[in-house]
Amino acid sequence: MFRAKITAIGCYSPPRVLTNHDLEKLVNTNDQWIQDRTGIRERHIAEPDVATSDMAVEAARITLQQRGISADELNALIVCTVTPDMLFPSTACLVQDRIGAKGAWGFDLVAACSGFIYGLTTAAHLVSCGSHKKVLVIGADTMSRILDYTDRATCILFGDGAGAMLVERAEEGETGFIDFLNEIDGSGGDYLKQPAGGSRMPASHDTVDRKQHFVKQDGQQVFKYAVRKMYETSRDLLERNNLTAKDIAMLIPHQANKRIIMAAAERLGLSCDQVMINIDRYGNTTAATIPLATRDAVEAGRLKKGDLVVFAAVGAGYTVGANLWRWTM
Ligand code: UT7
């Protein structure tokens, strides 16, 4: 068995910014409501000719450049997304070709907001069993393509973006990946979904007319579940590693709602400076929130080499995930 560590991180946000004030012109909402209820001020939105693979490629290139390696050194790449360019070929195949990762296999991982954490868990295991040396995990979502910009309850929440982390074999004496606690609970499937476009409800005039290709959410149900499970999984993960809140430098949570994050953090007994929040500038970018928040934490000097960090997320499915790492870069 080997240990796995994260050696590079790179993110991409499309340049166009959609502010709360811009949204006031589209739906009956206001900046104050959005900030108070979600913590979001603005989000980035991809131009019409930009798809998920385009953002994923940018994030991958930045990550590889930071590490100073070429794409053909990758053994595998995992693209976590619920907004692939198309259902097949996978976005992983499109990215593999564009970046020239000739020696890599890969796949798309569909776990909505927990996607990146499941990707990290998978990559860590591929590396630790010894079969892989370098695995690139990318979280990328173009949520603006599946939002109904006449539905104020959902269109204000999400943004577009991509982020990647390179997972590699750790050196002697380094820790890196420590533990994970991931769960799915399909009984919550109805509360957050994109109903049409699959084999259950293939695309038709009717599905388009009834807006079934857009995100549908029962916000309050998801909210309550997210607070409880983000708290419980993080707590259980710490407890079984004989750790308490004061031992960790940072919780880097999925950025769905500032109130969810604060409620979970409070129950865990974390102080504000132990919790990363950047939802104000990006909104909920689904699989990209964890790398975007981690990149910002590192750049702000809030996450440093040797720190213990917990990544935690809850998302559609339901999917729930928490990872414990010792930060190594
Ligand atoms: O990452 C995927 C997981 N997703 C989540 O974690 C999202 C979880 N849910 C949430 O974040 C919150 O439930 C929302 C932000 C979606 C909604 O916040 P809320 O505090 O649960 O509001 P609510 O749904 O209870 O609505 C309160 C009021 C309603 O009006 P009435 O019925 O009280 O008159 C809504 O119609 O706010 C109204 N409302 C809005 N008002 C202004 C809903 N959306 C808006 C809006 N602007 N955009």
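Positions are given from 1, in the same order as the sequence printed here. First listed ligand is number 1; within each ligand, the first listed atom is number 1. For clarity, every value in this text was computed on a predicted model and none was experimentally measured.
Here is the list of ligand 1 atoms found below 4.0 Å of a heavy atom in Leu192: 2 (C), 3 (C). Atoms of ligand 1 found under 4.0 Å from any heavy atom of Thr38 (numbered from 1 in listed order, with element): 15 (C). Listed by atom number, the atoms of ligand 1 under 4.0 Å from Ala256 heavy atoms are 1 (O), 5 (C), 6 (O).
For atom 24 (O) of ligand 1, the closest heavy atom belonging to the protein is Gln220 NE2, 4.0 Å. With hydrogens left out, the protein atom closest to atom 1 (O) of ligand 1 is Asn284 ND2, 2.7 Å, a heavy atom. Ranking protein heavy atoms by distance to atom 14 (C) of ligand 1, first place goes to Asn257 ND2, 4.4 Å. Here the protein heavy atom with the shortest distance to atom 7 (C) of ligand 1 is Gln217 OE1, 3.4 Å. Protein heavy atom closest to atom 3 (C) of ligand 1, with residue, atom name and distance, is Val222 CG1, 3.5 Å. Summary of contacts: the protein heavy atom closest to atom 18 (O) of ligand 1 is Arg259 NH2, 3.5 Å. At the top of the distance list for atom 22 (O) of ligand 1, counting protein heavy atoms only, stands Arg37 NH1, 3.6 Å. Nearest to atom 2 (C) of ligand 1 among the protein's heavy atoms is Cys113 SG, 3.3 Å.
Contacts of Thr29 with ligand 1, taken as heavy-atom pairs under 4.0 Å, involve both backbone and side chain. At a heavy-atom distance under 4.0 Å, only side-chain atoms of Ile260, from C-beta outward, approach ligand 1. Contact annotation: for Trp33 versus ligand 1, heavy atoms closer than 4.0 Å belong to the side chain alone.
By the criterion of side-chain heavy atoms lying less than 4.5 angstrom apart, applied directly or through intervening Ile, Leu, Val, Met, Phe, Trp or Tyr residues, Val82 is not grouped with Val79; the two fall into different hydrophobic clusters.
Between the CZ atom of Arg259 and the CZ atom of Phe223 there is a distance of 4.0 Å, given to the nearest 0.5 Å.
Within 4.0 Å of atom 5 (C) of ligand 1, at least one protein heavy atom is present. Within the 4.0 angstrom cut-off, atom 33 (O) of ligand 1 has no protein heavy-atom neighbours. For atom 20 (O) of ligand 1, the protein comes within 4.0 Å by at least one heavy atom. In this structure, atom 36 (O) of ligand 1 is in close contact with the protein, since a protein heavy atom lies within 4.0 Å of it. In this structure, atom 11 (O) of ligand 1 is in close contact with the protein, since a protein heavy atom lies within 4.0 Å of it.
Annotation for Tyr191: atom OH does not count as buried by contact number, only 12 or fewer foreign heavy atoms lying within 6.0 Å. Within a 6.0 Å radius of CD in Glu174, more than 12 heavy atoms belonging to other residues, nucleotides or ligands are found.
Considering backbone and side-chain atoms alike, Gly219 places an N or O below 3.5 Å from some N or O of ligand 1.
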Worked check of salt bridge (Lys or Arg N to Asp or Glu O under 4.0 Å) between Lys229 and Glu232: CA-CA 5 Å; Lys229 293 305 286 189; Glu232 286 177 0; 3.8 Å; yes
Passes side chain to side chain donor-acceptor pair (under 3.5 Å), Asp236 versus Thr233? Steps please. CA-CA 5 Å; Asp236 293 352; Thr233 42; over 6 Å; no
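Judged by distance alone, the side chains of Thr81 and Asp141 do bring a donor and an acceptor atom under 3.5 Å apart. At a cut-off of 3.5 Å, with distance as the only test, no side-chain donor of Thr91 or Ser53 sits close to an acceptor on the other residue. Between the side chains of Thr207 and His213, at least one donor N or O lies within less than 3.5 Å of an accepting N or O. Side chains of Ser271 and Gln274: a donor on one and an acceptor on the other come within 3.5 Å.
Residues Trp327 and Thr294 are in side-chain contact: their nearest non-hydrogen atoms beyond the backbone lie under 4.5 Å apart.
Considering each of Met143, Gln32, Arg152, the one bringing a non-hydrogen atom nearest atom 48 (N) of ligand 1 is Arg152.
Minimum interatomic distance between Phe2 and Cys129 (heavy atoms only, all atoms of both residues): CD1-C, 4.5 Å.
Using cut-offs of 30° and 60° on the angle between ring planes, the pair Phe180 and Phe177 is parallel.
Under a 4.0 angstrom heavy-atom cut-off, Ile34 registers as lying outside contact with ligand 1.
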